[in-house]
Protein chains: 2
Amino acid sequence: MNLENTKAQMRKGVLEFCILSLLSNKEAYASDLIQAMKESKLLVVEGTIYPLLTRLKNDGLLSYRWEESTGGPPRKYFKVTPLGEKFLEELRNTWDELVEAVGKATSP
Amino acid sequence: MNLENTKAQMRKGVLEFCILSLLSNKEAYASDLIQAMKESKLLVVEGTIYPLLTRLKNDGLLSYRWEESTGGPPRKYFKVTPLGEKFLEELRNTWDELVEAVGKATSP
DNA sequence: TTTAGTACTATGCAATACAAAGTACCATGT
DNA sequence: ACATGGTACTTTGTATTGCATAGTACTAAA
């Protein structure tokens, strides 16, 4: 039981929420997202984000298009589907409820 | 990918925090905790809480004593150890940071 | 042609919430 | 005395998912 492990556990489930939310604002590819998450102090690495994006795509919450890059291989630009927007809305509620519930449980 | 599943994911890591926090206020046994969590709208079931309590105890964050019950088998009353209090303090920071980080990442 | 950097893919592991089945103890009813 | 029901705890197995790691493929510069 170490703190880093627990932090990682806490991040679970909120990553989905954050990624969907970021993509809801504008299209992006993996590196954009990693950068954006980093700026919010939510560190994510490649091994996490690529499988996550694939999962969300397979579930119909995201779609993507290929775009050529000026230097380097082409990029997968993701955006949120209508179904994804709907799911995102539910995630917002879920998150708010969780924050409130934890507040209740942990305030003396 | 369904909402219930994601909710469960979001709860991960938070449960530890809530349980430690509840026990920091006063000693309790499993059913007390399940009840308290329920009142905070954080549903937990036996299969989750018993292994969690055992984990926390094995890591030295909790200790327990047996107490006879008026009706039914004896109960394990848990309380937070000094090490647990220290860990709890860190979890508080971690949680606050996470809430802030998610807020940044998900607000337009 | 080789090297470095970027982007994506694939495989395997560890942590943990939960379900489900099981064990043990006590009190009550017959 | 015995069966029944409720409470408390234990054990086992499963599914999900973040992460590490290694690998593939493309571009550009040396």
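Excluded from the calculations below are hydrogen atoms, water molecules and symmetry mates; all remaining heavy atoms, backbone and side chain alike, are included. So you know, we letter chains A, B, ... as the sequences are listed, proteins then strands, and number each from 1.
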Within the side chain of B:Ser24, is there an N or O that forms a donor-acceptor pair under 3.5 Å with the backbone of B:Leu20?
no

Taking N or O atoms only and anything under 3.5 Å, show me the protein contacts with nucleotides 20-30 of chain C, one pair per line.
unit_1, atom_1, unit_2, atom_2, d
C:dA27, OP1, B:Thr70, O, 3.2

For A:Lys76, salt bridge (charged side-chain N to carboxylate O under 4.0 Å, His left out) partners two or more places apart
none

Note on DNA chain C: ranges paired as stems (three or more Watson-Crick/G-U pairs in a row, both atom distances under 3.5 Å) are C:1-30 with D:1-30

Does A:Arg11 have a side-chain nitrogen or oxygen under 4.0 Å from the phosphate oxygens OP1 or OP2 of D:dC19?
yes

Using only side-chain N and O atoms of A:Asn5, determine if any of them is under 4.0 Å from OP1 or OP2 of D:dC19.
no

Of the residues in residues 89-102 of chain B, which ones touch DNA chain D at a heavy-atom distance under 4.0 Å?
none

What verdict does the side-chain contact (heavy atoms from CB on, under 4.5 Å) test give for B:Leu15 and A:Gln9, after you've listed the backbone C-alpha separation in whole Å, the side-chain angles of each residue and the deciding distance to 0.1 Å?
CA-CA 10 Å; B:Leu15 288 185; A:Gln9 287 301 324; over 6 Å; no

Can you pull out the residues from residues 17-42 of chain A that lie within a 4.0 Å heavy-atom distance of DNA chain D?
none

What pair of heavy atoms forms the shortest contact from A:Trp95 to B:Val99, and how long is it?
CZ2-CA, 4.0 Å

Which atom names give the shortest non-hydrogen contact between B:Thr81 and B:Ser63, and what distance separates them?
CG2-N, 3.8 Å

D:dT17 OP1/OP2 closer than 4.0 Å to side-chain N/O of A:Arg55
yes

How about A:Leu33 and A:Val44: do any of their side-chain heavy atoms sit closer than 4.5 Å?
no

Looking only at atom types and distance, does a side-chain atom of A:Ser21 sit under 3.5 Å from a main-chain N or O of A:Phe17, one as donor and one as acceptor?
no

Given side-chain contact (heavy atoms from CB on, under 4.5 Å), test A:Ile19 with A:Phe78 step by step and report yes or no.
CA-CA 10 Å; A:Ile19 295 301; A:Phe78 288 88; over 6 Å; no

Note: B:Glu85 and B:Val80 closest approach over all heavy atoms is N-CG1, 3.3 Å

Would you tell me if any nitrogen or oxygen in the side chain of B:Tyr50 comes within less than 4.0 Å of OP1 or OP2 on D:dC9?
yes

Against the side chain of A:Val44, the closest entry in C:dT9, C:dA17, D:dC19 is D:dC19

Kindly list each side-chain donor-acceptor pair under 3.5 angstrom involving residues 68-75 of chain B, sequence neighbours excluded, with atom names and distances?
unit_1, atom_1, unit_2, atom_2, d
B:Ser69, OG, B:Gly71, N, 3.3
B:Ser69, OG, B:Gly71, O, 3.0
B:Arg75, NE, B:Tyr29, OH, 3.4
B:Arg75, NH1, B:Tyr77, OH, 3.4
B:Arg75, NH2, B:Tyr29, OH, 3.3

If the cut-off is 4.0 Å, is B:Lys12 near the phosphate of D:dG18, judged by side-chain N/O to OP1 or OP2?
no

What's the shortest heavy-atom distance between B:Ile34 and B:Val45, and which atoms?
CD1-C, 4.3 Å

Least distance between heavy atoms, A:Cys18 atom then B:Ala105 atom
SG-CB, 4.0 Å

Does A:Arg75 put a side-chain nitrogen or oxygen below 4.0 Å from OP1 or OP2 of C:dA7?
yes

